[in-house]
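The structure appears below as structure tokens.
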Amino acid sequence: MNNNGNNNKSLLRFTTAGSVDDGKSTLIGRLLYDSKSIFEDQMDHIRESSKRLGREEVDLSLLTDGLRAEREQGITIDVAYRYFATPARKFIIADTPGHIQYTRNMVTGASTANLAVILIDARKGVVEQTVRHTYISSLLRINHIVFCINKMDMVSFDENRFLTIRAELELLVRKLGIEDAHYIPISAKYGDNVVDPSINMSWYTGMTFLKLIETIDIKHDFLNSAARLPVQTVVLPQSEEYHDYRGYAGRVAGGSFKPGDEITVLPSLLKSKIQSITVFEKSIDIAATGESVTLTLEDQIDISRGDLIAGEGEMPLSGQDIMMMLCWFNERPLRPGARYLVRNNTHETSCIIRSINYRMNIDTLEKEASTESLKMNDIANISIRTSRPIFYDPYIKNRITGSLIIIDEATNETMAAGMIE
Amino acid sequence: MKSALQINNEHLKELEDEAIFVMREVAAQFEKKVILFSGGKDSIVLVHLAKKAFWPARMPFSLLHIDTGHNFEETITFRDDLARELNVELLVRYVQDSIDDGRVSEEKGINASRNKAQSVTLLDAIEELNIDVAIGGGRRDEEKARAKERFFSHRNEFGHWDPKNQRPELWNIFNGRKNVGEHFRVFPISNWTELDVWQYILNEKIKLPSLYYSHRRLVFKRNDVYLAWAPFMQLKPTEEVFEADVRCRTIGDITCTGVSLSEANTLEQVISEIAATRVTERGGRYDDRRSEAAMEDRKKVGYF
Ligand SMILES: Nc1nc2c(ncn2[C@@H]2O[C@H](COP(=O)(O)OP(=O)(O)O)[C@@H](O)[C@H]2O)c(=O)[nH]1
């Protein structure tokens, strides 16, 4: 473990999406199985369940099938997290379902992902769901997208079929401005190009799926943003030894901080210099994005939870009139004029919904104007007015300081996820 | 089989950063905060993370142990020493008291366990002590039903968990708002696997009860699982008690904690064995085997 300022990306978080039956569960099951991440007792369970369900072969998709209600319905209905590791990397999979009504699950899974895997049935090619999932991945700013063209065995491993689908996807990728896209022909059921190269598709010379996700460089995704630290809590030991100690604890949300750096605190705009950065008892020379640290400053200034410490360079934006892309999560609709709580970083305030500027048709990627309300799973551009200023970066610059959630004060539910423009 | 010690474990730093972030959110968003402390390695790791998160201040949490009365003796000594060393409040509530008060009835028969009864004692403790957040060592890799658990898991006024009505968790924004009488369970090490926990213990040189290392003890075998024997346990006529060198994979209620035959005396040896093993940790936990949906059912009524 080092703290030299480079992010050690030996952990990759990815999300999986696809229409029902495109083979998502089978792909994950295959990955876990071929990478030897499945334990014997789990395998026994699956063998038994497969038999009970009258399947001819052991059904690897049962591995990722979670709660009882789903087992009964035979579908996945929420975000489920899976883990596996190879000598190269540890992986966290956010497995999200492909139904229309569960856009919110995909948005949730995508919010923390470094990479998105989108499955396509080779027989069907690009369908509405493909467009929707690709759009959501790009909206949430997942930098890397891997399209797995699955069930290649059912189209005789035909290269032309793959190339046709690939060409169509490339158009979509260009339209959405996705920077890094990959296309792999696979058969999740039989394992072609998942962990081992396919002998049936010698025409494909790219990496297997596992090789790609083991080696893809995600380090650059974290560079180039300005230094940010949302303050979570103030550490006040109140002990003899640390009588005057005041530490500001938080997780670096962009760029990096070094002792001696000049910082500005929002909203007060007070300035000071970093005196020390510690992780537990150890003083460190640099705190990089993602690290949970405690800062002390050279001056005694008033800082509390919800404040944002900004480093040298570009300052965060601040304001009360905020425009954002929003995904609505609740059965009760969103209407202009309604009041909610809004939380970005560790900061919370009230807001009023001023207008719905347009609704995004996520199947056609067309903007629909004159929408009076938003339903569950709608994605739209809206404007809000906050009661106190919030401080942020545009979401395209920083996924942490540019994101927010909207909370219903009466029920405490998380109603929506917003990405500030 | 690759050796566990060869596995790249730089990802542990990121898991630690995440867990500390979650601990600090708990500190800021709740009033009466406890760490559920079972004496097992996961709860020991939680306490270690909490110590790191708030240094040089004392952690703003108490430890709460729900004591089934079916303990490994050493766990209790270990628990008391740790609380003293960290200077944190230790709260203990006893399943036996809930039984004596008629709040739960003792399970009878061969597979009797106090695991279910524990939920009642816990919920009573939460109510009695006005606890609004209980931090637990649950990990999503442990069991299917946990794979969908949130970091911040909302419990209604009955202490129940509704898998269909969970708050979505986006980015690193945790919504811990609640009404009076409701509480949260928070799982800072949700994203850790069993191997991650062990490697972290090794890297951080965290002290564990010696039960986790090879020791001689009286055991018996039931449905392919070795269980530690204790005088109050009922045996089937075909079951025999014998001595063996074993180590515990989890430490909880003695009646349902599986042990593995093992010679591993050091952490490195334990980790090598675990990396090579082909059975999940909970596979050795008898209570989950009783039905496939066992865990989910217990969770709905307020299990850890
Ligand atoms: N022939 C073939 N069938 C597949 C392949 N991948 C998945 N399937 C089958 O397609 C069905 C749906 O797969 P599943 O993984 O449950 O889809 P999910 O709904 O996306 O999770 C199952 O019957 C799988 O066995 C593949 O590569 N080839």
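Letters go in sequence order (proteins before strands), and every chain restarts at 1.
With chain A as the partner, the residue from B/Asn179, B/Asn175, B/Thr193, B/Ile20 showing the most heavy-atom pairs under 4.5 Å is B/Asn175. Of the listed residues (A/Ala94, A/Ala113, A/Gly418), the one with the most heavy-atom contacts under 4.5 Å to chain B is A/Gly418. Options A/Val234, A/Thr112, A/Val235 differ in how many heavy-atom pairs under 4.5 Å they form with chain B, and the most are formed by A/Val235. Interface remark: of the candidates B/Arg58, B/Glu169, B/Lys52, B/Lys52 forms the most heavy-atom pairs closer than 4.5 Å to chain A. Top candidate by heavy-atom pairs under 4.5 Å with chain B, chosen from A/Tyr245, A/Phe84, A/Tyr81, A/Tyr242, is A/Tyr81. Between chain B and the residues A/Arg399, A/Glu281, A/Met415, the largest count of heavy-atom pairs under 4.5 Å involves A/Glu281.
Checked for salt-bridge contact, B/Asp196 and B/Arg139 miss the test: no charged N lies under 4.0 Å from a carboxylate O. Classification of B/Glu18 and B/Lys13 as a salt-bridged pair fails, no side-chain N sitting under 4.0 Å from a carboxylate O.
Only the backbone of A/Leu404 comes within contact range of chain B, with heavy atoms under 4.5 Å apart. With a 4.5 angstrom heavy-atom cutoff, A/Val252 does not touch chain B via any of its atoms. Using a 4.5 Å cut-off between heavy atoms, A/Arg305 touches chain B through its side chain atoms alone. Proximity to chain B (any heavy atom under 4.5 Å) is shown, for A/Ser403, by both the backbone and the side chain. Contacts between B/Arg24 and chain A at a heavy-atom distance below 4.5 Å involve backbone atoms as well as side-chain atoms. Within the 4.5 angstrom heavy-atom criterion, only backbone atoms of A/Leu236 (N, CA, C, O) approach chain B. Heavy atoms of A/Thr346 lying under 4.5 Å from chain B belong exclusively to its side chain.
In summary, the aromatic rings of B/Phe54 and B/Phe61 are positioned with their centroids under 6.0 Å apart. Aromatic pair B/Trp171/B/Phe21: centroids not less than 6.0 angstrom apart.
Looking at B/Lys33, B/Glu31, B/Glu25 one by one, the single match for side chain to side chain donor-acceptor pair (under 3.5 Å) with B/Gln29 turns out to be B/Glu25. Each of B/Ile189, B/Val34, B/Leu46, B/Val22 was checked for a side chain to side chain contact (heavy atoms under 4.5 Å, CB included) with B/Ile135, and the lone residue meeting it is B/Leu46.
Evaluation of the salt bridge (charged side-chain N to carboxylate O under 4.0 Å, His left out) test over residues 170-184 of chain B, restricted to residues two or more places apart or in two chains, returns A/Glu348-B/Arg177, B/Asp132-B/Lys178.
Annotation for B/Lys207: atom NZ does not count as buried by contact number, only 12 or fewer foreign heavy atoms lying within 6.0 Å.
Once rounded to the nearest 0.5 Å, the distance linking NZ of B/Lys32 with NE2 of B/His183 reads 14.0 Å.
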